[in-house]
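Everything below concerns the one structure shown next.
Worth knowing before you read on, the calculation uses all heavy atoms, side chains too, and leaves out hydrogens, waters and symmetry mates. Please read these numbers as outputs of a predicted model, since none were measured by experiment.
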Amino acid sequence: MEHLSNEPGREICNCGALRRATRHVSLMYDRLLADSGLTSGQYSILREIRRRDRAAPTLGELAQAMVMDRTALTHTLKPLERDGLVALKLDVDDKRVRRVHATAKGVKKHEAAHALWRKAQQKFTQSIGQDEAAALRALLRVVATSDLGAAQ
């Protein structure tokens with residue numbers, strides 16, 4: 001069994017390393033976003049909806065963009081919908097499809113949280129370095145879009 005050089009007894013596991021790093025970074029973002037009332041996950045969902053401007057995503061499109069299954073996405077959307085930050089509306093052309101819209105309240109909440117998110121971005125970049133942060137984002141894009149046999 002292979003071990004990390006400075007951590008005896010800990011396996012080299014890509015999944016474990018990614019999970020630990022993700023939790024560590026998410027906790028920092030959550031702490032810095034706390035005053036907005038949003039978690040980092042909720043902020044990311046609002047950002048993705050707003051990024052699409054007037055072309056509100058379907059639940060499936062949003063789940064795919066967030067790399068989430070629809071059930072997890074629906075669970076995460078419930079508090080946002082309850083708080084009036086997003087609305088699920090039937091598609092005008094296909095009544096079987098629901099689209100996720102940011103409400104005016106959701107847009108305002110996202111804009112208020114954006115300054116806190118920028119502080120989290122700056123803290124992360126200062127902690128690991130600008131070049132390293134850019135390289136990490138590039139590597140994570142490769143990981144997120146790679147074919148890991150998910151369809152098997």
Side-chain angles (χ1 to χ4, degrees), residues 13-152:
C13 175
N14 298 316
C15 185
L18 282 167
R19 284 179 178 269
R20 282 187 296 281
T22 299
R23 281 192 297 272
H24 186 63
V25 172
S26 293
L27 286 171
M28 184 268 297
Y29 274 76
D30 285 342
R31 278 193 310 273
L32 292 174
L33 283 169
D35 287 343
S36 74
L38 295 174
T39 66
S40 57
Q42 291 169 330
Y43 175 85
S44 295
I45 287 172
L46 281 173
R47 185 190 69 223
E48 181 62 27
I49 294 166
R50 295 210 50 222
R51 184 186 70 76
R52 293 165 181 263
D53 198 26
R54 295 183 187 267
T58 65
L59 284 169
E61 290 167 347
L62 186 56
Q64 185 176 9
M66 301 303 299
V67 191
M68 298 173 78
D69 65 53
R70 282 180 57 143
T71 303
L73 175 63
T74 300
H75 178 74
T76 305
L77 285 173
K78 283 183 182 182
L80 295 173
E81 189 175 20
R82 177 198 66 221
D83 295 343
L85 304 177
V86 300
L88 278 74
K89 299 178 183 177
L90 293 177
D91 184 272
V92 293
D93 297 322
D94 185 347
K95 301 298 182 202
R96 298 170 295 173
V97 174
R98 293 189 306 165
R99 294 192 174 272
V100 187
H101 297 262
T103 64
K105 185 177 178 182
V107 169
K108 189 174 179 178
K109 178 73 87 167
H110 177 263
E111 288 171 351
H114 187 71
L116 299 172
W117 174 83
R118 279 199 333 264
K119 286 181 184 178
Q121 286 284 97
Q122 289 169 351
K123 182 175 177 70
F124 181 85
T125 301
Q126 287 170 352
S127 294
I128 71 163
Q130 189 167 5
D131 292 342
E132 291 81 357
L136 178 61
R137 286 190 305 275
L139 179 57
L140 291 173
R141 273 191 297 278
V142 170
V143 171
T145 58
S146 65
D147 178 12
L148 298 176
Q152 293 178 351

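- Side-chain atoms of T58 do not come within 3.5 Å of backbone N or O of R98 as any donor-acceptor pair.
- In the displayed structure, N14 atom CG is contacted under 6.0 Å by at most 12 heavy atoms of other residues, nucleotides or ligands.
- No donor-acceptor pair closer than 3.5 Å links the side chain of K109 to the backbone N or O of G37.
- Taking the six-membered ring where tryptophan is involved, the planes of Y43 and H114 are essentially parallel, since the angle between them stays under 30° and well short of 60°.
- Looking at every heavy atom in both residues, H101 comes nearest to I49 through C-CG2, 4.1 Å.
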Query raised in the report: Checking side chain to side chain donor-acceptor pair (under 3.5 Å) for the pair T39/D30: CA distance, chi angles, key distance, verdict?
Result: CA-CA 5 Å; T39 66; D30 285 342; 4.8 Å; no
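- With hydrogens and angles ignored, the 3.5 Å screen pairs no side-chain donor or acceptor of S26 with any backbone N or O of R23.
- Remark: side-chain polar atoms of R99 are paired, donor with acceptor, to backbone N or O of A56 under 3.5 angstrom.
- The local environment of CD in Q121 is crowded, with over 12 non-hydrogen atoms from other residues, nucleotides or ligands closer than 6.0 Å.
- Looking at D69, its side chain does come within 3.5 Å of a backbone N or O of T71 through a donor-acceptor pair.
- Residues E81 and K78 are not paired through a salt bridge, judged by the lack of any N-O separation under 4.0 Å between the basic side chain and the carboxylate.
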Query - Test log, rule salt bridge (Lys or Arg N to Asp or Glu O under 4.0 Å), inputs E48 and R51 - result: CA-CA 5 Å; E48 181 62 27; R51 184 186 70 76; 2.7 Å; yes
